[in-house]
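Remarks on the structure that follows.
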Amino acid sequence: MLTITLPDGSKREFDQQLTVYELAESIGPGLAKAAIAGKVDGELVDTSFEISQDAEVAIITSRDQEGLEIIRHSCAHLMANAVQNLFPSAQVTIGPVIENGFFYDFAFERSFTPEDLEAIEKEMLRLSKEGLTVNRSLMSRDEAVAMFKEMGEEYKVQIIESIPDEQGLSFYKQGDFIDLCRGPHVPNTSHIKAFKLMSVAGAYWRGDSNDEMLQRIYGTAWTDKKELKQYLHLLEEAERRDHRKIGKKLNLFHFQEEAPGMVFWHPHGWRIYQITKQYMQTLFEENGYQEINTPQLVDYSLWDKSGHSAKFAEHMFSVESDSRMYAIKPMNCPCHVQVFNQGLKSYRDLPLRLAEFGSCHRYEPSGSMHGLMRVRSFTQDDGHIFCTEDQIQGEVSEFIDLVYKVYKDFGFEEIILRLSTRPEQRVGEDEEWDQAEAALQEALDNTGRDWQLLPGEGAFYGPKVEFALKDCMGREQQCGTIQVDFSMPGRLGAQFVAEDNTRHTPVMLHRAIFGSFERFIGILIEHYEGAFPVWLSPIQAMVLNITDKQADYCEKIVDSLKNKGFRVESDLRNEKVGFKIREHTVQRIPYLLVAGDKEVDANTVSVRDRTGNDLGVMDIAQFEALLQQDIENYSRT
RNA sequence: GCUCGCAUAGCUCAGGUGGUAGAGCGCAUCAUUGGUAAUGAUGAGGUCCCCAGUUCGACUCUGGGUGUGAGCACCA
């Protein structure tokens with residue numbers, strides 16, 4: 001007798017053991033058809049799995065997240081199958097599930113072309129339609145090695161050899177194609193219906209840049225065609241929002257060959273930059289930071305002392321002058337310690353918070369640069385807090401609150417918190433680490449929010465908290481961070497006099513909220529698709545005349561709004577008002593004010609927003625109030 | 001840095017078996033003074049990314065470089 005408990009709590013009894021598939025069948029033929037896998041006592045298994053004792057069992061279909069992942073995984077196998085059908089000399093390696101899809105890495109004598117992808121996709125479709133049964137089998141490691149050796153699959157042999165042979169290895173076979181896999185997999189290739197191959201790219205074997213490069217094919221797979229279509233649509237939207245495109249369209253910035261990875265900010269882009277900077281400057285003032293500024297060029301001796309040149313010399317720009325070698329500063333912290341070191345500090349001075357809009361240059365690898373998101377010249381909203389160990393938690397707590405406020409003001413509601421703790425290679429005493437990690441953890445717990453733990457991911461000099469925000473497309477963007485540093489203050493000779501007149505080394509907290517202005521503005525551009533909230537808009541309102549007759553009136557309105565501190569301009573060109581409206585709407589200007597004879601006579605303007613809403617006719621005072629309100633509450637219209 | 005692709009007018013992009021190129025938008029000039037997402041006409045714009053090589057001749061083919069895109073690796 002066998003009792004199976006289903007997810008709804010109902011129980012079913014069976015005389016003898018049965019497979020997941022048979023269980024699904026006993027519930028209903030529709031479910032049996034839809035069954036992709038089973039979950040037996042919390043463990044995912046194939047539909048062919050034999051249930052031999054009392055258990056809680058769920059039937060997994062494509063509607064479950066796990067079901068979708070199994071489909072994606074099986075789709076990776078389907079692709080490998082298709083590739084080997086078409087290109088027998090291609091060797092298989094690994095093919096995991098990733099966000100929205102899967103990839104599979106092949107070793108092949110040449111790279112795959114877009115035409116190859118089409119052919120592979122076609123072959124996959126054929127195999128899917130054929131409805132091949134997918135069978136699981138077990139093999140000992142030696143058997144498996146022998147089999148793949150015979151097949152000439154060198155990479156697979158390496159993988160298998162690196163797995164400990166305990167209860168045998170599982171293999172999945174469909175048609176002639178067999179692959180090592182933990183599974184589970186769909187019972188039949190016909191379950192894989194909605195997929196598309198997206199791109200080919202090189203990827204290192206085992207992810208190691210010293211190893212050879214393989215051919216990676218990326219694909220996406222979904223439950224049905226509709227979901228696939230939705231996903232492809234989302235990708236199109238992401239492309240529309242690409243900050244590089246919008247930056248060009250809205251004339252915010254450009255890059256050119258002579259200065260790779262360095263931004264030429266145009267007037268409107270620079271305005272956004274200045275507004276975010278002024279925002280941060282106010283925030284610094286309100287939160288006990290003192291703004292400083294430190295040199296761009298600093299002699300290598302300082303970078304030797306700080307340890308940066310030993311680790312990052314290849315990524316630093318150098319300048320030689322008067323036969324001395326300088327680095328263009330790649331970071332601000334050593335300079336901040338120099339400021340701290342001027343004058344003997346007392347425990348009464350702590351915590352000492354120094355902030356800098358620190359312009360840094362790093363020689364980033366050419367292939368890593370990406371628009372504003374990763375550049376070689378950037379400015380951090382950098383800050384360093386010199387404090388005692390006891391002060392860490394309080395400082396971190398305050399900082400977390402600050403980060404939430406800032407991200408909210410900029411329109412980001414969802415924030416992910418991560419704590420990275422001690423790595424194997426590290427400096428500092430374990431006691432210090434214990435204390436610092438506990439302080440960070442407590443600060444996180446005090447927020448009452450969820451946070452993730454990343455054990456071993458901390459920097460060699462101390463643990464850290466990282467802040468990732470979610471943009472409107474649901475993409476995570478890591479921006480802010482606060483890091484405890486046990487190392488640098490000591491290396492650079494920072495000290496303070498304690499209550500008992502002994503000298504101590506302060507702890508240094510590195511912290512940033514935007515990360516870099518460049519990247520943060522890139523994120524803002526994509527988040528808002530260029531339609532910045534009024535408080536960030538380079539131009540908040542454009543005043544349009546209908547004929548030359550209203551030109552003076554328009555200028556008068558612009559002057560009066562400008563005098564109040566609003567960013568307003570006029571467009572008095574000899575064009576039809578419809579043309580001007582189109583142009584400035586495309587430029588995402590929040591408000592368009594139209595003045596014709598009627599408005600001149602009544603001393604009003606006709607107001608329209610960039611989404612096409614007609615806000616009616618109002619006088620200037622009313623419009624000012626409207627703007628003011630938007631600005632004060634960081635409105636996102 | 002690695003793999004693969006791309007580089008043509010200010011922008012977005014066409015184009016040609018090797019004989020120096022074209023559209024739309026933008027820009028300029030003129031006409032037009034028009035009420036809420038594109039008024040019309042005319043015109044000016046090009047070292048076809050750079051450097052070598054092959055060739056009677058290279059924007060086109062070959063090699064090298066630079067930049068850039070997707071991904072990998074890296075990211076103090």
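Residue numbering restarts at 1 for every chain, and letters A, B, ... go by the order of the sequence lines. The figures here come from the full heavy-atom set of this structure, side chains too, leaving out hydrogens, waters and symmetry mates.
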If the threshold is 4.0 Å, N to carboxylate O, is there a salt bridge linking A:R475 and A:E526?
yes

Check: B:rG35 base within 3.5 Å donor-acceptor of A:D597 side chain:
no

Looking only at N and O atoms, is any donor in the side chain of A:R610 or the base of B:rA37 less than 3.5 Å from an acceptor on the other one?
no

Which nucleotide, B:rG67, B:rG34, B:rC27, lies nearest any side-chain atom of A:R573?
B:rC27

Quick note, A:R582 side chain, CB onward, closest among B:rU36, B:rA37, B:rA76 is B:rA37

OP1 or OP2 of B:rG1 sitting under 4.0 Å from any side-chain N/O of A:S366?
yes

Please state the C1' separation for the pair B:rG67 and B:rU29 - nearest whole angstrom.
37 Å

Salt-bridge contact A:E118-A:K122 (side-chain N to carboxylate O under 4.0 Å):
no

Under-3.5 Å donor-acceptor pair between A:Y363 side chain and B:rG1 base:
no

Taking N and O atoms by type only, does the side chain of A:R374 place a donor or acceptor under 3.5 Å from a partner on the base of B:rC75?
yes

Tell me which nucleotide, if any, is Watson-Crick or G-U wobble paired with B:rU47 when both distances must be under 3.5 Å.
none

Once you round it to whole Å, what is the distance between P of B:rC27 and CG of A:N574?
13 Å

Return yes if the base of B:rU36 and the side-chain atoms of A:T585 contain a donor-acceptor N/O pair under 3.5 Å, otherwise no.
no

Quick one: does A:E599 reach the base of B:rG35 with a side-chain donor-acceptor pair under 3.5 Å?
yes

Whole-Å distance, A:L593 CG to B:rG35 P, equals 19 Å

